[in-house]
Amino acid sequence: MIDIRALRENPDRVKENAARRGCTVDVDKLVALDREYVGLIREVEDLRAERNRLSKECQTNPAARDTVKEMKVTLANKESRMAELKTVVDEQMTWLPNFLSPDVPDGGSDADNAALRFVGKKPEFAFAGRDHQALGELLGIIDTGRGAKVAQSGFYYWVGKGAQLTQAMFFWAQQELVKRGFTLFMSPCVAKEQTLFGTGYLPFFKDQTYTLSGEDLALIGTSEQTLVGYHADEILDAGTLPRRYTSYTPCFRTEAGSYGKESRGIFRVHQFHKVEQIIFCLPEDSPRCHELCLENEEYLLQQLGLPYRVVNVCVGDMGAPGYKKYDIEAWYPGYGGYREVTSNTNLTDFQARRLGIRYKGNDGSKGFVHTISATGVTDRVVCAILENFQQEDGSVIIPEVLRPYTGFDRITPGV
RNA sequence: GGAGAGGUGGCUGAGUGGUCGAAAGUAGCGGUUUGCUAAACCGUCGUAGGAGUAACAUCCUACCGGGGGUUCGAAUCCCCCCCUCUCCGCCA
């Protein structure tokens with residue numbers, strides 16, 4: 001949610017931003033409705049002031065009661081119109097996108113993202129590289145068929161050494177983030193509507209959400225929802241910021257409308273797993289914290305030995321709550337391209353305003369905190385490990401940093 | 001699943017129709033004093049919206065879990081809902 005004062009003081013800026021981000025809200029109309037609303041606030045408050053004054057008078061002057069009774073009719077009419085306007089204005093406000101960082105590239109799709117740098121050396125194979133799905137089948141470590149049988153297409157099993165490798169990577173990543181100042185959480189995997197709304201997943205990504213029937217609960221699409229929601233309606237002592245949180249959870253997404261796109265293997269699925277980075281910080285600190293999360297993401301991929309590129313995500317490829325977003329795309333030799341493995345968004349005060357997460361300093365400073373939401377690692381990183389470290393016979397060499405957690409250094413077909 | 005208790009300001013916690021935006025304590029902030037890693041005393045201290053000011057000041061409105069009702073007037077009375085806690089049952 002943006003500050004409604006921005007709409008009142010600089011409607012052109014809001015309008016321009018909405019247009020650039022493909023938002024269909026009629027800003028001119030919204031401004032007009034808000035004007036009427038603010039005008040009514042004045043009228044209603046004046047009437048209430050008069051009513052309150054007369055009510056006090058009633059104790060010594062019973063005749064004032066009749067005057068107040070008459071006033072109440074006028075007041076009730078204005079109040080009901082005011083409430084009506086507020087509902088409409090509030091609803092429209094929830095659809096307005098966040099403002100953008102000046103250095104966000106223009107563009108309508110991921111093809112317009114700006115590559116910032118390429119890191120790591122792509123492996124060179126003297127053989128035809130397999131993609132993660134082929135390797136998973138050959139090694140018997142990914143089972144999408146039974147995932148579909150038991151749950152639905154889009155669910156899958158990691159099996160045997162594949163599951164061990166995946167768990168090892170998630171555990172290692174959590175340990176690394178703890179070393180880097182993050183507090184580890186184990187989080188609920190469901191959240192109520194208000195939490196999803198507050199984090200900006202509703203109303204924007206409603207069709208991506210699995211809701212539980214008969215409950216005000218949905219499966220989380222990311223632990224960002226529960227970790228940011230953790231501090232909803234709280235005032236944080238500025239001296240305790242920035243706060244860095246991490247957790248590992250499954251993430252559920254309906255992926256409505258995305259059938260057929262990038263669907264081979266387990267790249268786009270209904271349930272994946274993610275180690276998350278969340279930072280709550282002072283407004284002036286959010287660009288620095290945003291970079292910090294990117295450094296962490298890169299550090300993890302570098303430790304694993306994976307080649308990747310960093311892109312500055314363009315307007316059209318960024319969700320409405322984002323102010324600026326970096327994606328990291330790992331190199332997938334079996335697939336033959338770069339594919340997104342992490343994303344890292346500075347949400348400024350967009351979530352904090354909706355959730356009521358504020359800070360207060362000893363010097364009297366106060367305001368809404370800024371939040372950063374970034375990936376640590378996901379199953380997609382394991383897929384990248386499989387593809388980058390595959391051998392001609394289909395076996396896969398385990399990255400050294402994970403060996404203490406896997407207890408083996410390679411996965412071999414038939415073993 | 002059954003029974004009971006309760007939701008008040010950053011926190012603890014008084015307050016059952018007007019003098020309550022709300023006692024007190026605590027934390028925070030400012031100061032005084034004594035001094036040694038702290039105590040005592042004094043003062044100050046909720047949030048949001050609107051009006052107002054060069055900026056302060058100041059004024060008004062709303063907010064005591066949420067919504068509705070009664071009343072000239074509601075934290076306080078009535079109704080509905082939500083949530084939390086305790087006990088019992090069941091159970092990973």
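Each chain gets a letter, A, B and so on, in the order the sequences are listed, and its residues count up from 1.
- Between the CZ atom of A:Arg65 and the C1' atom of B:G17 there is a distance of 12 Å, given to the nearest Å.
- Residue A:Asp34 contributes atom CG, which lies 12 Å from atom C1' of B:G50 at whole-angstrom precision.
- Side chain of A:Glu297 to backbone of A:Ile328: no donor-acceptor contact under 3.5 angstrom is found.
- The nucleotide whose nearest atom lies closest to any side-chain atom of A:Ala49 is, among B:U61, B:G49, B:C72, B:U61.
- Look at B:U71: it lacks any Watson-Crick or wobble partner with both distances under 3.5 angstrom.
- The nucleotide whose nearest atom lies closest to any side-chain atom of A:Gln59 is, among B:G18, B:A48, B:G50, B:G18.
- Nucleotide B:G18 holds its P atom 19 Å from the CD atom of A:Glu57, rounded to whole Å.
- A salt bridge does not link A:Glu291 to A:Arg288: none of the charged side-chain nitrogens sits closer than 4.0 Å to a carboxylate oxygen.
- Checking B:A62, B:G18, B:C72 against every side-chain atom of A:Lys72, the shortest atom distance belongs to B:C72.
- Nucleotide B:U76 forms no Watson-Crick or G-U wobble pair with any nucleotide shown, as no partner meets the under 3.5 Å limit on both distances.
- Across all strands shown, B:U84 pairs with B:A5; the Watson-Crick or G-U wobble distances both stay below 3.5 Å.
- For A:Arg8 and A:Lys69, each mapped to the nucleotide of RNA chain B holding its nearest heavy atom, the one lying further toward the 5' end belongs to A:Arg8.
- On the P atoms, B:G68 is 12 Å away from B:C64, given to the nearest whole Å.
- Distance from the side chain of A:Ile235 is smallest for B:G10 among the nucleotides B:G49, B:C83, B:G10.
- Taking atom CD of residue A:Gln194 and atom C1' of nucleotide B:G66, one finds them 10 Å apart after rounding to whole Å.
- Nearest-nucleotide positions on RNA chain B place A:Arg42 closer to the 5' end than the other of A:Val68 and A:Arg42.
- Between B:G49 and A:Lys86, no contact under 4.0 Å exists linking OP1 or OP2 to a side-chain N or O.
- Annotation: B:A40 and B:G18 have their C1' atoms spaced 40 Å apart (nearest Å).
- The partner of B:G21 cannot be assigned: no Watson-Crick or G-U wobble pair with both contacts below 3.5 Å exists in any strand.
- Atom P of B:G9 sits at a distance of 13 Å from the matching atom of B:U47, rounded to the whole Å.
- No donor-acceptor pair closer than 3.5 Å links the side chain of A:Glu45 to the backbone N or O of A:Glu43.
- OP1 or OP2 of B:A62 has at least one side-chain nitrogen or oxygen of A:Arg51 nearer than 4.0 Å.
- Taking atom CZ of residue A:Arg353 and atom P of nucleotide B:U47, one finds them 16 Å apart after rounding to whole Å.
- In this structure, A:Asn52 does not reach the B:G73 phosphate: none of its side-chain N or O atoms is under 4.0 Å from OP1 or OP2.
- The separation of B:A23 from B:G10, taken at their P atoms, amounts to 14 Å, rounded to a whole angstrom.
- Judged by distance alone, with hydrogens and angles left aside, A:Glu45 brings a side-chain donor or acceptor within reach of the base of B:G49, the pair sitting under 3.5 Å.
- Using N1 to N3 plus N6-O4 or O6-N4 for Watson-Crick, or N1-O2 and O6-N3 for G-U wobble, each under 3.5 Å, B:C45 pairs with nothing.
- Between A:His270 and A:Phe155, the ring planes are tilted. Angles from 30° to 60° get that label.
- Less than 6.0 angstrom separates the ring centroid of A:Phe185 from the ring centroid of A:Tyr230.
- Pairing partner, B:C91: none, since no Watson-Crick or wobble contact has both distances short of 3.5 Å.
- Between the C1' atoms of B:C20 and B:C29, the separation comes to 25 Å (whole Å).
- Between A:Asp66 atom CG and B:U71 atom P the separation is 14 Å, expressed in whole Å.
- Separation of the C1' atoms belonging to B:C77 and B:U16 is 8 Å when rounded to the nearest angstrom.
- Comparing B:A48, B:U61, B:A51 by their closest approach to the side chain of A:Arg48 singles out B:U61.
- Relative ring orientation between A:Tyr335 and A:Tyr332 is described as perpendicular, the plane-to-plane angle rising above 60° on a 0-90° scale split at 30° and 60°.
- B:C72 atom C1' lies 11 Å from atom CE of A:Met71, rounded to whole Å.
- Applying the Watson-Crick and G-U wobble criteria (two distances, each under 3.5 Å), B:U32 pairs with B:A40.
- Taking atom OH on A:Tyr37 and atom P on B:G50, their separation rounds to 9 Å, with Å as the unit.
- No engagement by A:Arg53 is indicated, since no non-hydrogen atom pair under 4.0 Å with the nucleic acid exists.
- With C1' as the reference atom, B:A62 and B:G6 are 26 Å apart, rounded to whole Å.
- Across the C1' atoms, B:U76 and B:G15 are found 8 Å apart, a figure rounded to whole Å.
- In this structure, B:C56 forms no base pair with any nucleotide, since neither Watson-Crick nor G-U wobble geometry is met with both distances under 3.5 Å.
- Contact check, A:Lys56 against B:G18: no side-chain N or O comes under 4.0 Å of OP1 or OP2.
- Aromatic ring centres of A:Tyr245 and A:Phe280 lie closer together than 6.0 Å.
- The side chain of A:Lys360 places no N or O atom within less than 4.0 Å of a non-bridging phosphate oxygen (OP1 or OP2) of B:A27.
- Taking the six-membered ring where tryptophan is involved, the planes of A:Tyr156 and A:His273 are perpendicular, since the angle between them exceeds 60° and thus also 30°.
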